[in-house]
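Structure, as structure tokens:
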There are 2 protein chains.
Amino acid sequence: MKNVTRKSKVPAMDASGASEAVRQENVTRILDAAERLFKHYGYTKTNVADIARDLGMSPANIYRFFGSKADIHQALAQRMLDAGYQLAAETLSGPGNASDRLRKHILQQFQMTLETMISEQKVHEMVVIAIEQQWPVIDAHLRRLRTLVTEVVREGIAAGEFRDTDPEVAADCFMSATAALCHPQMVATCVSEFKICTPEQVVEFALRGLK
Amino acid sequence: MKNVTRKSKVPAMDASGASEAVRQENVTRILDAAERLFKHYGYTKTNVADIARDLGMSPANIYRFFGSKADIHQALAQRMLDAGYQLAAETLSGPGNASDRLRKHILQQFQMTLETMISEQKVHEMVVIAIEQQWPVIDAHLRRLRTLVTEVVREGIAAGEFRDTDPEVAADCFMSATAALCHPQMVATCVSEFKICTPEQVVEFALRGLK
DNA sequence: CGAATGACGAAATATGAAAAACGTCACCCG
DNA sequence: CGGGTGACGTTTTTCATATTTCGTCATTCG
């Protein structure tokens with residue numbers, strides 16, 4: 001409901017820079033505390049009073065930086081997704097040909113999802129909430145990732161590595177085909193059930209679709 | 001917990017056939033009533049007393065045929081999955097080359113999932129329960145389907161239509177790659193979000209992975 | 001004057017008793 | 001004797017209420 005990135009109005013230009021900086025630092029401190037508490041006690045079991053107490057401030061003060069508890073959750077999700085995006089960007093713009101990079105990217109994504117699910121259930125709880133409620137941050141993240149993948153596909157086509165098709169469509173198809181390895185819900189349900197092929201084989205299969 | 005297919009002991013061989021037949025008819029009647037009521041009022045809103053009243057029998061009598069309400073649900077799921085399997089079997093053993101049959105099969109599956117989700121929310125509720133609790137019937141159904149797909153892949157390889165690889169692995173990869181179109185949870189979440197490519201394109205992409 | 005807070009109404013959630021539903025069993029009936 | 005049932009103990013769900021938590025605002029503080 002409320003907007004996540006509410007910017008304070010900037011009445012004067014002279015001190016606004018410093019003011020904005022100190023504000024940003026408070027935001028970061030709150031997110032750090034929230035992340036730690038959420039991971040320890042779980043999202044639903046942690047209330048804003050807990051976060052405020054942990055920081056030695058009043059609950060009301062939290063609301064000067066975040067419109068709601070859900071906003072904190074979303075900002076945290078944004079931060080985590082940003083980290084994932086950063087990693088993906090490095091992998092996808094790293095060394096190797098297009099196939100190598102895409103393969104590494106997907107398997108990395110899979111690995112990350114798997115580990116989060118197994119060892120950090122509290123984080124997984126937050127992920128599930130985010131997906132169920134179809135937050136825009138998730139959608140935006142997927143779009144960002146798709147942009148990266150599209151670029152790699154484009155390079156692969158230019159290098160003669162992939163066949164010549166619409167890079168956007170091809171990238172989207174590739175991501176759909178590997179969704180079983182990247183989507184948390186899929187990973188959660190499909191890992192347990194008996195599968196014949198390995199993640200590596202699925203990636204190879206999807207890569208072949210590009211060629 | 002309880003077993004779904006509890007068979008009555010067969011003390012004598014002469015009348016056991018008829019006895020078993022009349023028993024089977026009761027099972028079917030119960031399932032028919034349950035299906036109608038579940039679809040109308042929803043699974044959680046319907047109790048066994050409702051089903052019994054609908055059939056003009058006592059609730060206790062239901063338990064002579066099913067170990068629990070969940071067993072009815074599972075048997076119903078089995079019956080629906082059987083119908084889906086039947087359809088898939090016809091499509092996959094129908095006319096056309098391997099690609100045509102696989103394409104038709106996946107798009108058909110997608111269509112079915114989509115319609116169920118949109119127009120029969122009560123059924124979708126039951127599907128979600130079945131998936132969340134990871135019922136063996138679902139797993140068995142997927143295995144059955146995979147067997148069918150494997151056979152088509154094998155034929156495609158024999159006809160020189162697909163490249164020569166392990167049919168089982170290839171079929172499993174193909175199903176993973178098209179999971180975004182067949183898995184109810186995926187369809188539910190991914191349809192709404194803005195996608196660049198169409199279902200048809202995803203299928204073509206996956207088919208290309210076989211070639 | 002802006003940063004921060006205690007007090008407060010609204011909304012969500014925990015609690016616990018009452019009701020309903022589940023599932024079992026001794027018993028009845030054709 | 002097998003098909004069927006009413007009565008009954010146990011578990012789950014419902015629902016009203018008490019408590020917590022959320023989020024706002026007038027007021028205080030530096």
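Naming convention: chains lettered A, B, ... in sequence-line order (proteins, then strands); numbering from 1 in each chain.
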*When the nearest nucleotide of DNA chain C is assigned to B/N47 and to A/N26 on a heavy-atom basis, which residue is associated with the more 5' position?*
A/N26
*asked:* Between A/T44 and A/G56, which residue's closest nucleotide on DNA chain C lies nearer the 5′ terminus?
replied: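 Result of the comparison: A/G56.
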Heavy atoms from C-beta onward define the side chain here; which of [options] lies closest to that of [X]?
X: B/Y63; options: D/dG4, C/dT24, C/dA21; answer: C/dT24
X: A/K69; options: D/dT5, D/dC22, C/dT5; answer: D/dC22
X: B/S58; options: C/dC22, D/dT5, D/dG4; answer: D/dT5
X: B/V48; options: C/dA4, D/dT14, C/dC22; answer: C/dC22
X: A/N61; options: D/dC22, C/dT24, C/dA4; answer: C/dA4
X: A/R64; options: D/dC22, C/dG23, C/dA4; answer: C/dA4
X: B/F65; options: D/dG4, C/dC22, D/dC22; answer: D/dG4
X: B/A60; options: C/dC22, C/dT5, D/dG6; answer: D/dG6

*Begin with the C-alpha distance, continue with both residues' side-chain angles, and end with the deciding distance and a verdict on side-chain hydrogen bond (donor to acceptor under 3.5 Å, both in side chains) for A/D82 and A/Q78.*
CA-CA 6 Å; A/D82 282 349; A/Q78 182 74 63; 3.2 Å; yes
*asked:* Applying the side-chain contact (heavy atoms from CB on, under 4.5 Å) criterion to B/I131, which one of B/V127, B/I129, B/V128 satisfies it?
replied: B/V127
Please give, in whole Å, the distance from [N] [atom2] to [X] [atom1]?
X: B/I51; N: C/dG23; atom1: CD1; atom2: C1'; value: 14 Å
X: A/L55; N: C/dT5; atom1: CG; atom2: P; value: 11 Å
X: A/I72; N: D/dT21; atom1: CD1; atom2: C1'; value: 13 Å
X: B/E25; N: D/dG3; atom1: CD; atom2: C1'; value: 14 Å
X: A/I30; N: D/dG23; atom1: CD1; atom2: P; value: 14 Å
X: B/R23; N: D/dG4; atom1: CZ; atom2: C1'; value: 13 Å
X: A/L37; N: D/dT21; atom1: CG; atom2: P; value: 14 Å
X: A/D50; N: D/dC22; atom1: CG; atom2: C1'; value: 13 Å

_B/E155/B/R101 ion pair, N-O < 4.0 Å_ =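 Yes, B/E155 and B/R101 are salt-bridged.
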*Are any of the side-chain nitrogens in B/R29 or B/E25 under 4.0 Å away from the carboxylate oxygens of its partner?*
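A salt bridge is absent here (no side-chain N lies under 4.0 Å from a carboxylate O).
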*Hey, does the Lys NZ or Arg CZ of B/K69 hover above the aromatic six-ring of B/Y43, less than 6.0 Å from the centre and inside 45° of the axis?*
yes
